[in-house]
Amino acid sequence: MNDLLQAAPRFLFFTGKGGVGKTSLSCATAVALADAGKRVLLISTDPASNLDEVLETPLSSRPTAVRNVAHLEALNIDPEAAAREYRERIVGPYRGVLPDAAVKSIEEQLSGACTVEIASFNEFTRLIADESAISGYDHVILDTAPTGHTLRLLSLPAAWNDFIADNKTGNSCLGPLAGLKEQRLSYEKTVTALQDKTRTLLVLVTRPEKSALKEAARASAELSSLGMNNQRLIVNGLFSAGEEKDELASAFADRCQSALRQMPDALRRLPLTSIPFRPAGFLGLASLRKVELPVFTAATATPAPLPDTLLSLDELVNDLSRSGKGVVMTMGKGGVGKTTIAAAIAVKLAEQGHHVLLSTTDPAAHIQDAVNGTLPNLRVSRIDPVAETKAHIERTMATTGAKLDAEGRALLEEELRSPCTEEIAVFTAFARTVAEGRNQFVVLDTAPTGHTLLLLDATESYHREVLRSTSDMPEAVRELLPRLRDPEFTRVLLVTLPEATPVHEAAQLQSDLQRAAIAPYAWVINQSFSRARTTHPTLLAKAANERRYVGEVVRELARRVVLVPWLAQEPSGLESLRELTAPPL
């Protein structure tokens, strides 16, 4: 990565599919630049950020000096805190001036999830466009959220500029537009900075896996379409079997090379950096400072035995099957294999004779690719944001709009052009999909952790938002929270990898779900080498390291734990999905 560090511009964005190592590599880059004497600010815009854990420093929404790294400061943009500050900034001047009912109306308008997004975005643009906020830094590095969220974040400046410029009513779903108009210059400066090749580099992080490379290619194309063309590719976790004669190690290395050989053409034109596979990943400053060093270290002690209470995925599906219907949701950090696990469960249930709908709320999902086939009892769908938004607008204009005069219709059309309309439309479709669990199995591959939490936490806000833009509350929306909270109707599966960050993020997700009165049904530890038959020292070290986290889940976090082995062939298609749910030998 030396050439990247030597040519680093003022702003560096790390983006890519969830779980590919954006946080690790953005932290390693920040530490390396700081060690070279540069003044660096590292920012996370991910609602599920774990910068604190990687940097071994408690962080807040203000720049905080990172322990044991001179010249480096870091912060997390807290979406909820930003929304609270934004609301008070807008509402505060009206308190005691307008009637209480009017102030309450403004607060109601600012209660939706769109307010959370725009408030976070304001913080992001302030750090890019306001030179006084970053004048003390040579480099500003952004560890961004998973691709779908990041692309939306980066495309918002133009969307909000257009909305503010054309809106003539003075109001939006965010309340009075005065608060947005104040930001317009900041948005324009942000767009200019992102498109300036001399100031901004977009680092696409991926793993040597087909789905991750495909997602990186999509991100590259969409970023280019937004005028952000200064891009670089990092392939993280590239495994080499070396001279060892080991069947599993050879299969792992072959899978990596096969994925790279099939790399989409859009990525081949980009400068490429490869980071070797590490058994323990990157956690803590010592490992971040060794980011380029391949590690082939055999286990130095006898690994702890695996708990004897672990279930197979086959046993879990048989357990789920007994109810005959309901919703199964896979949740967790991006990149842990939620799509694959959801697809494998759906296929197994369908082959047992159940009617099954397999769907996703993840804008970056590849669920059809995961199945890559058809079964008589299985339907596969995707909640398409573009299609759902179009249908929502048409439905609202045909119902609510039909009762309005010309001026009222014009006002409603103006309102429906706001970016949060898409969020409402997708939420309503999510509620409809969950409702189908009354008569069949619905297996939902959900979006990455941060997005899913915002979706679930905002349920009551969406109730109000949907009711405000339509003439009546859909039954599916009204019943969504009770259905999600009913353990006989909805079974939440937390999917993770046997590594520190995915396990700890899943634990945080479980805590948040429990506060929302949603109890996870089981944990699924995916892609484990713990039961692998291998003599390769790197893979033995990986397996030994995993057992610590498997034990932590069993002892402290879950009453049902499923261990899914790493497969020599990347799970894609009906046969490989069947292998995941085959009875253990």
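Just so you know, residue 1 is the first one in the sequence shown, and it goes up from there.
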- Item | Glu73 side chain near Tyr137 side chain, heavy-atom distance below 4.5 Å | yes

- Message: Please report the interatomic distance CG(Leu223) to CD(Gln195), rounded to the nearest 0.5 Å.
- Response: 11.0 Å

- Item | Any side-chain donor near an acceptor of the partner, Ser224 and Gln231, under 3.5 Å | yes

- side-chain contact (heavy atoms from CB on, under 4.5 Å) partners for Ala253, two or more places apart: Phe239, Ala241

- Message: Within the 3.5 Å criterion, strictly below it, is a donor on Asn76 or Asp52 matched to an acceptor on the partner's side chain?
- Response: yes

- Message: Any heavy-atom pair between the side chains of Ile275 and Leu238 that's under 4.5 Å?
- Response: no

- Any Lys/Arg nitrogen of Glu499 or Lys333 sitting under 4.0 Å from an Asp/Glu carboxylate oxygen of the other? no

- Task: Using a 4.5 Å cut-off on heavy atoms from C-beta on, say whether the side chain of Phe11 contacts that of Ile134.
- Result: yes

- What pair of heavy atoms forms the shortest contact from Leu358 to Ala343, and how long is it? CD2-CA, 3.8 Å

- Within-4.5 Å side-chain heavy-atom neighbours: Ile141 and Ile43: no

- Message: Let's go through Trp523 and Leu493 carefully: what are the C-alpha distance in whole Å and the side-chain angles of both, what is the deciding distance for side-chain contact (heavy atoms from CB on, under 4.5 Å) to 0.1 Å, and is it a yes or a no?
- Response: CA-CA 6 Å; Trp523 281 52; Leu493 308 180; over 6 Å; no

- Taking it one step at a time, do Arg232 and Thr273 satisfy side-chain hydrogen bond (donor to acceptor under 3.5 Å, both in side chains)? CA-CA 8 Å; Arg232 184 184 191 95; Thr273 298; 3.2 Å; yes

- What is the minimum heavy-atom distance between Leu213 and Thr206, and which atoms define it? N-OG1, 3.4 Å

- Partner residues of Arg199 under the salt bridge (charged side-chain N to carboxylate O under 4.0 Å, His left out) criterion, sequence neighbours left out: none

- Only one of Val203, Leu201, Leu202, Leu142 clears side chain to side chain contact (heavy atoms under 4.5 Å, CB included) with Phe14; which? Val203

- Item | Over all atoms of both residues, closest heavy-atom pair of Leu204 and Ala219 | CD2-CB, 4.1 Å

- Query: Do Ser61 and Ile77 come close enough that some side-chain heavy atom pair is under 4.5 Å?
  - Reply: no

- Task: Report yes or no: do Arg382 and Ser359 form a side-chain donor-acceptor pair below 3.5 Å?
- Result: no

- Item | Salt bridge present between Asp369 and Lys210 (N-O < 4.0 angstrom) | no

- Message: Quick check: closest heavy atoms across Arg207 and Gly21, and the distance to 0.1 Å?
- Response: NH2-N, 4.5 Å

- Item | Heavy-atom closest contact (Glu388 atom, Ile383 atom, distance) | CG-CG2, 4.0 Å

- Item | Asn236 and Val20: CA distance, side-chain angles, deciding distance, side-chain contact (heavy atoms from CB on, under 4.5 Å) verdict | CA-CA 7 Å; Asn236 186 30; Val20 295; 5.8 Å; no

- Message: Among Thr330, Leu513, Val524, Ile525, exactly one meets side chain to side chain contact (heavy atoms under 4.5 Å, CB included) together with Leu494. Which residue is that?
- Response: Leu513

- Nearest 0.5 Å, what's the CE-CG distance between Met331 and Asp445? 11.0 Å

- Message: Between Leu444 and Val328, does the side-chain contact (heavy atoms from CB on, under 4.5 Å) criterion hold? Intermediate values first, please.
- Response: CA-CA 6 Å; Leu444 270 164; Val328 178; over 6 Å; no

- Does the side chain of Lys390 reach to within under 4.5 Å of the side chain of Pro385, using non-hydrogen atoms? no

- Can you tell if the side chain of Leu42 reaches within under 4.5 Å of the side chain of Leu72, non-hydrogen atoms only? yes

- Query: Do Asn372 and Gln368 have a side chain donor and acceptor closer than 3.5 Å?
  - Reply: no

- Query: Passes side-chain contact (heavy atoms from CB on, under 4.5 Å), Leu75 versus Arg62? Steps please.
  - Reply: CA-CA 6 Å; Leu75 66 87; Arg62 304 297 179 210; 5.9 Å; no

- Does a side chain donor of either Ser258 or Gln262 reach within less than 3.5 Å of an acceptor in the other side chain? yes

- For the residue pair Trp566 and Phe529, does the interplanar ring angle fall in the parallel (under 30°), tilted (30 to 60°) or perpendicular (over 60°) class? parallel

- Item | Lys/Arg N to Asp/Glu carboxylate O, Arg39 vs Asp138, below 4.0 Å | yes

- Query: Is any side-chain heavy atom of Leu41 less than 4.5 Å from a side-chain heavy atom of Pro63?
  - Reply: yes

- Where is the tightest heavy-atom contact between Asp384 and Val386, given as atom of each residue plus distance? OD1-N, 3.0 Å

